[in-house]
Amino acid sequence: MIRKVGVIGSGQMGNGIAHVAALAGFDVVLNDISADQLNAALATINANLSRQVTKKIITDDDREKALARISQTENLEGLADCDLVIETAVEKEDVKRKIFHNLCAVLKPEAIVASNTSSISITRLAASTDRPEKFIGIHFMNPVPLMELVELIRGIATGDATFDAAKEFVAKLGKQIAVSEDFPAFIVNRILLPMINEAIYTLYEGVGNVEAIDAAMRLGAHHPMGPLELADFIGLDTCLSIMQVLHEGLADSKYRPCPLLVKYVEAGWLGRKSQRGFYDYRGEKPVPTR
Ligand SMILES: CC(=O)CC(=O)SCCNC(=O)CCNC(=O)[C@H](O)C(C)(C)COP(=O)(O)OP(=O)(O)OC[C@H]1O[C@@H](n2cnc3c(N)ncnc32)[C@H](O)[C@@H]1OP(=O)(O)O
Ligand SMILES: NC(=O)C1=CN([C@@H]2O[C@H](COP(=O)(O)OP(=O)(O)OC[C@H]3O[C@@H](n4cnc5c(N)ncnc54)[C@H](OP(=O)(O)O)[C@@H]3O)[C@@H](O)[C@H]2O)C=CC1
């Protein structure tokens with residue numbers, strides 16, 4: 001029975017997962033390596049819950065109770081008695097493997113370990129733990145409080161009890177599941193990221209500028225956000241990591257990351273989270289950078 005949920009990494013996905021889990025009545029322990037990041041995450045959760053109060057989706061009492069259910073820790077030891085721990089640190093396999101190695105040394109043996117990875121093999125990540133049968137991919141979509149879908153990905157060793165517990169957990173959050181086999185980038189990102197990468201090639205080759213490309217897909221295909229705006233929203237470092245996993249994992253040149261995407265990431269222009277990407281967010285309105 002899952003009652004206490006640990007969340008590792010308090011970036012945009014970590015704070016969203018903590019938000020929806022606390023609102024659904026779970027006790028949540030949010031972990032990050034930086035105290036500043038943890039405090040910023042709590043402020044974001046409060047602001048997003050308050051937005052839901054204003055829109056009458058939840059009451060102020062719900063907001064207060066959800067906030068009271070969230071505690072924070074800078075050490076993995078603080079997650080030792082969780083029933084489920086969801087890792088949502090950066091999309092880098094070596095970072096995730098190190099986290100799982102250190103987590104399993106302190107976590108109670110019966111606890112389930114999950115990764116919110118966008119693309120990395122669940123089977124490979126599971127192999128870096130002491131409990132591959134209790135390891136699963138629980139992949140939320142961004143922004144977590146608004147998106148209905150969660151992908152569930154079983155590794156080769158994931159047990160039925162783990163899969164059923166993850167399914168029940170996601171249902172309690174009020175979200176729908178799509179089950180994906182464990183292949184690079186799963187379902188959503190296998191389809192979405194090559195489209196975003198192609199939009200960046202369209203920009204790189206001068207077929208259109210940032211505004212034209214985003215307007216084309218917003219107005220011409222009724223996408224809620226243009227692909228470049230969405231790339232900035234996801235984070236260009238995450239987009240590049242997903243393309244690299246697709247390229248290496250499927251060994252097909254059609255997945256090669258656009259050199260312009262690489263250049264933006266090398267510049268530290270990671271999108272909204274660093275205030276600059278395909279748009280510059282430092283002023284009142286986003287301004288295209290190309
Ligand atoms: C990379 C991966 O591994 C997988 C992924 O997640 S891929 C990315 C998947 N996500 C998408 O494709 C998102 C595409 N975009 C959308 O669907 C929409 O633009 C959207 C749902 C994000 C926002 O919809 P919108 O109607 O244009 O936004 P907007 O009018 O600004 O906001 C509507 C409400 O959403 C809420 N909202 C917006 N952004 C939010 C956020 N980041 N967190 C929480 N709530 C948010 C607010 O409550 C807002 O209400 P207010 O106007 O009262 O503030
Ligand atoms: N962005 C998206 O749209 C989606 C992302 N994902 C996946 O979720 C994960 C997180 O993405 P996202 O939230 O966007 O990334 P962010 O960059 O917003 O957040 C990552 C957080 O992890 C922290 N972190 C880094 N290393 C560690 C560590 N060793 N221990 C604890 N915390 C650590 C970072 O801290 P610091 O800043 O101090 O380095 C940062 O707060 C990735 O695997 C990504 O692929 C999944 C679905 C959608």
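In what follows, every heavy atom counts, from backbone to side chain, and hydrogens, waters and symmetry copies are set aside. Both counts, for ligands and for their atoms, begin at 1 and track the order of listing.
Within the structure, ligand 2 lacks K98 among the residues with a heavy atom less than 4.0 angstrom away. For I234, the heavy-atom gap to ligand 1 drops under 4.0 angstrom. At least one heavy atom of H139 sits under 4.0 Å from some atom of ligand 1. Using a non-hydrogen distance threshold of 4.0 Å, K96 registers as a contact of ligand 2.
More than 12 heavy atoms of other shown residues, nucleotides or ligands fall within 6.0 angstrom of atom CD in E110. Within 6.0 Å of atom NZ in K285, 12 or fewer heavy atoms from other residues, nucleotides or ligands are found, so the atom counts as exposed in its surroundings. Around atom CD of Q37, more than 12 heavy atoms belonging to other residues, nucleotides or ligands sit under 6.0 Å away. Heavy-atom neighbours of F183 CZ from other residues, nucleotides or ligands within 6.0 Å: at or below the threshold of 12.
For atom 54 (O) of ligand 1, a protein heavy-atom neighbour is found at a distance under 4.0 Å. There is no protein heavy atom less than 4.0 angstrom from atom 28 (O) of ligand 1. Remark: atom 7 (S) of ligand 1 lies closer than 4.0 Å to at least one protein heavy atom. Within a 4.0 Å radius of atom 25 (P) of ligand 1, the protein contributes no non-hydrogen atoms. Distance remark: protein heavy atom present below 4.0 angstrom from atom 39 (N) of ligand 1. Distance check on atom 31 (O) of ligand 1: every protein heavy atom falls at or beyond the 4.0 Å cut-off.
Looking only at distances, a side-chain donor or acceptor of D232 sits under 3.5 Å from a matching main-chain atom of F278. Under a 3.5 Å cut-off, the side chain of N189 and the backbone N or O of S119 do not form any donor-acceptor pair.
Close approach to L192 involves these atoms of ligand 1, each under 4.0 Å from a residue heavy atom: 7 (S). Residue-ligand proximity, P224 to ligand 1, at heavy-atom distances under 4.0 Å covers atoms 14 (C), 15 (N), 16 (C), 17 (O), 18 (C), 19 (O).
Here D94 does not pair with K98 in a salt bridge; the nearest charged N to carboxylate O distance is not below 4.0 Å. Classification of R3 and D81 as a salt-bridged pair fails, no side-chain N sitting under 4.0 Å from a carboxylate O.
The closest non-hydrogen atom to atom 42 (C) of ligand 2, taken over A89, G9, C239, comes from A89. Within the set I33, V90, V144, T88, the minimum heavy-atom distance to atom 27 (C) of ligand 2 is found for I33. The heavy atom nearest to atom 4 (C) of ligand 2, considering only R272, K273, M13, H139, is found in M13.
Within the 4.0 Å heavy-atom criterion, the part of I8 lying near ligand 2 is the side chain and not the backbone. Of the heavy atoms in E91, both backbone and side-chain atoms come closer than 4.0 Å to ligand 2. Residue F233 does not touch ligand 2, judged by heavy-atom distances below 4.0 Å. By the criterion of a heavy-atom distance under 4.0 Å, the side chain of M147, and not its backbone, is placed next to ligand 1. Within the 4.0 Å heavy-atom criterion, the part of K55 lying near ligand 1 is the side chain and not the backbone. With a 4.0 Å heavy-atom cut-off, ligand 2 is reached by no atom of D237. At a 4.0 Å heavy-atom cut-off, ligand 1 touches M141 through backbone and side chain alike. Heavy atoms of V188 found under 4.0 angstrom from ligand 1: none, in either backbone or side chain. With a heavy-atom cut-off of 4.0 Å, N189 touches ligand 1 through its side chain alone.
Residue S34 has no nitrogen or oxygen atom sitting less than 3.5 Å from a nitrogen or oxygen atom of ligand 2, judged on distance alone.
The protein non-hydrogen atom at the shortest distance from atom 36 (C) of ligand 1 is L146 CD1, 3.3 Å.
By the 30° and 60° cut-offs, the orientation of the rings of Y279 relative to Y281 is tilted.
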